[in-house]
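Below, each value reflects all heavy atoms present in this structure, side chains not excepted, and no hydrogens, waters or symmetry copies. First the proteins, then the strands, lettered A, B, ... as listed; each starts at 1.
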There are 2 protein chains.
Amino acid sequence: MKPIYQRIADDLREQISDGTLPPGSRLPTEADLREKYGTSARSTVRQGLSLLVNEGLIVPQRPKGYFVREIRPLVYRPQSEFRRRPPEVDIYTHLLAAEGDERRPAQDIEVSIVEPTTTVRTRLQLKDTELVAVRRRTRRLDGEAYNINDSYASLSLVEGSEWMTPTDVARGTNQVLAELGKELVRALDEIYVRMPTPDEVRRLQLGPGTPVAEHVVTTYAADDSPVQVTINIVPGDRHVIVYERVKDPQDFEERPRSDWGAE
Amino acid sequence: MKPIYQRIADDLREQISDGTLPPGSRLPTEADLREKYGTSARSTVRQGLSLLVNEGLIVPQRPKGYFVREIRPLVYRPQSEFRRRPPEVDIYTHLLAAEGDERRPAQDIEVSIVEPTTTVRTRLQLKDTELVAVRRRTRRLDGEAYNINDSYASLSLVEGSEWMTPTDVARGTNQVLAELGKELVRALDEIYVRMPTPDEVRRLQLGPGTPVAEHVVTTYAADDSPVQVTINIVPGDRHVIVYERVKDPQDFEERPRSDWGAE
DNA sequence: TGATGCGCATTGACCAGACAATGCGTTCCG
DNA sequence: CGGAACGCATTGTCTGGTCAATGCGCATCA
């Protein structure tokens with residue numbers, strides 16, 4: 001026999017996924033459920049609801065009740081600096097509605113000098129004592145934070161340059177790096193999927209049960225030396241991460257082994 | 001004044017991140033914590049611990065106690081079918097240890113004919129009545145499931161072909177599609193970050209607080225018609241998703257506006 | 001009319017227990 | 001010596017409450 005709190009969660013989850021409880025709608029109150037499932041203890045009902053909360057399906061709004069979460073992802077394109085036109089030819093756009101949605105963006109920029117974390121140090125191949133400069137940006141849409149974006153570079157490289165101004169750089173910080181002799185020609189993207197830290201929850205105002213993608217970009221100059229590490233924290237409930245790939249003509253008859261879009 | 005259960009969670013989280021409680025180590029028992037924080041009610045302590053459980057930091061093991069989770073991500077490379085040599089030149093490998101780790105892989109394959117979900121139908125641009133074939137694979141490493149991989153294609157395209165055999169296809173199913181006149185030349189990757197469904201928890205034996213990436217690959221033929229949709233479910237605690245990008249010489253002096261590795 | 005205050009429904013935090021389930025180690029017995 | 005039985009520590013499920021916090025609507029009053 002399944003525990004009561006699980007039956008409650010399963011039943012409600014079912015109703016959410018089959019549309020009986022559409023996004024934005026209100027769930028039965030704890031008291032309703034307590035009665036319906038014949039379980040007197042409120043904690044049991046709460047235990048069931050907390051499952052759904054941690055799955056990111058519902059949010060409690062004291063004292064109004066529990067509501068089915070509404071999500072509306074934006075498109076996040078790590079490749080956007082590469083592409084000439086938005087997507088190749090836009091055979092995809094019918095899939096990805098509401099791009100940007102014409103809502104006005106804003107961002108905070110803050111520059112400081114810090115000791116690098118291990119993540120940053122290994123990727124920039126720094127010596128133990130070397131310091132780095134960091135350009136921290138929090139991006140907002142209609143005032144709501146939706147993305148944290150911290151770039152790190154060796155202090156000796158960017159010191160005194162425009163890279164370190166805490167304002168928008170019109171021609172782009174990559175251009176600044178290029179003028180410093182480090183044109184970025186290659187990048188490695190690592191995407192880690194995890195739950196947010198309490199700090200991230202605060203800065204991004206994340207609801208419960210919302211995972212994030214930690215998107216670490218290491219960029220390299222033509223001589224294969226790492227130049228910059230950027231760590232993006234991307235809330236899962238507000239974004240789809242999108243990449244486009246084309247078959248490289250050079251690498252044509254290689255790797256016939258496994259399925260494509262697989263592995 | 002912060003609630004007790006939060007203080008408990010904060011203190012323990014701190015100890016985990018600063019190494020006082022290393023991965024694999026055992027936490028104080030509920031009774032210990034109850035005493036330490038002077039809170040009599042067990043439920044309060046449990047509430048605090050459940051926060052950490054849902055953040056994926058600890059796992060309860062009845063009746064042994066709570067333990068700090070150990071994670072060891074594998075590298076997941078959506079682009080692997082493109083690349084000729086493993087990574088470009090391998091200037092990255094020092095970052096990504098334990099690639100594959102020489103553990104022997106295995107997979108279940110299962111083929112069936114189904115009505116497409118909305119996700120699949122829109123991406124394959126199918127008519128309402130059209131059926132699709134699906135090739136479902138569950139991949140294991142040392143018996144442990146680590147990846148679900150379902151490919152969909154229009155039934156009329158693959159019916160009767162080797163694509164539908166529920167066994168490994170030596171030359172690759174992409175080759176089969178090529179022989180059917182649909183060589184795959186372009187792909188769109190969408191990555192959604194979310195909590196798993198109960199079904200995914202079961203199939204992948206996910207611990208609590210483990211988010212997943214839903215990686216949807218739509219592949220296109222040379223005439224821009226969609227051929228196949230593959231949905232990968234990638235557990236966050238076992239994988240890093242890795243992409244490599246190179247600056248396209250054609251698209252050189254474009255997009256100077258925003259930072260690179262940014263958006 | 002408009003602002004103020006009050007009640008009320010609902011969730012948040014906490015208390016003080018009970019009994020069940022489950023691994024693990026120890027003891028006991030053949 | 002080897003296996004079965006038992007006890008024990010610990011978490012899992014659930015009972016049956018209390019008081020606090022918080023929006024919201026409604027009534028009250030200037």
Separation of atom [atom1] in [X] from atom [atom2] in [N], rounded to whole Å:
X     : N      : atom1 : atom2 : answer
A:F67 : C:dT10 : CZ    : C1'   : 10 Å
B:K2  : C:dC14 : NZ    : C1'   : 18 Å
B:M1  : C:dC14 : CE    : P     : 9 Å
B:E30 : C:dG17 : CD    : P     : 16 Å
A:L27 : C:dT11 : CG    : C1'   : 13 Å
B:Y37 : C:dA13 : OH    : C1'   : 17 Å
A:L52 : C:dT11 : CG    : C1'   : 16 Å
B:R34 : C:dC15 : CZ    : P     : 11 Å

May I ask you to evaluate whether [X] reaches the phosphate of [N], defined as a side-chain N or O under 4.0 Å from OP1 or OP2?
X     : N      : value
B:Y66 : D:dA9  : no
A:R46 : C:dG12 : yes
A:S40 : D:dC14 : no
A:T39 : D:dC14 : no
B:Y5  : C:dC14 : no
B:S43 : C:dA16 : no

Among [options], the nucleotide that comes nearest once only the side chain of [X] is considered:
X     : options                : answer
A:P60 : D:dT15, C:dC14, C:dG12 : C:dG12
A:A41 : D:dT15, D:dG12, C:dA16 : D:dT15
B:T29 : D:dT13, C:dT10, D:dT10 : D:dT10

Would you check if the side chain of [X] reaches a backbone N or O of [Y] as a donor-acceptor pair within less than 3.5 Å?
X      : Y      : result
A:Q6   : A:P3   : no
B:S50  : B:V53  : no
B:R203 : B:D199 : no
A:D18  : A:T20  : yes
A:D32  : A:T29  : yes

(message) If you assign B:A31 and A:P3 each to the DNA chain D nucleotide with the nearest heavy atom, which residue ends up on the more 5' nucleotide?
(response) B:A31
(request) Between B:G65 and A:T44, name the one whose nearest nucleotide on DNA chain D is closer to the 5' end. (result) B:G65
(message) Regarding B:Q47, tell me which of base, sugar-phosphate or nothing describes its non-hydrogen contacts under 4.0 Å with the strands shown.
(response) sugar-phosphate
(request) Using a 4.0 Å heavy-atom cut-off across all strands, classify A:R26 as base, sugar-phosphate, or nothing. (result) sugar-phosphate
(message) For the residue pair B:R69 / B:T210, report whether a side-chain donor-acceptor contact shorter than 3.5 Å exists.
(response) yes
(message) Side chains of A:T118 and A:R123 only: does a donor on one sit below 3.5 Å from an acceptor on the other?
(response) no
(message) Go through it in stages, so that I can follow the logic: the residues are A:Y76 and A:H215, the test is ring-ring contact (aromatic ring centres under 6.0 Å, His included), and I'd like the CA-CA distance, side-chain angles, deciding distance and then a yes or no.
(response) CA-CA 11 Å; A:Y76 172 87; A:H215 175 215; 5.6 Å; yes
(message) For B:H239 and A:Y192: C-alpha separation, side-chain torsions, deciding distance, then whether ring-ring contact (aromatic ring centres under 6.0 Å, His included) applies.
(response) CA-CA 7 Å; B:H239 292 282; A:Y192 298 85; over 10 Å; no
(request) Can you label the angle between the B:Y243 ring and the A:Y243 ring as parallel, tilted or perpendicular, going by 30° and 60°? (result) parallel
(message) Between the opening five pairs and the closing five pairs of the helix from C:dT1-D:dA30 to C:dG30-D:dC1, how far apart are the helix axes, to 10°?
(response) 0°
(request) Report, as a single string ordered 5' to 3', how protein heavy atoms within less than 4.0 Å touch nucleotides 19-25 of chain D: B base, S sugar-phosphate only, - not at all. (result) --BBBS-
(message) Using the salt bridge (Lys or Arg N to Asp or Glu O under 4.0 Å) definition, which of the options A:R135, A:R137, A:R136, A:R139 pairs with A:D150?
(response) A:R136
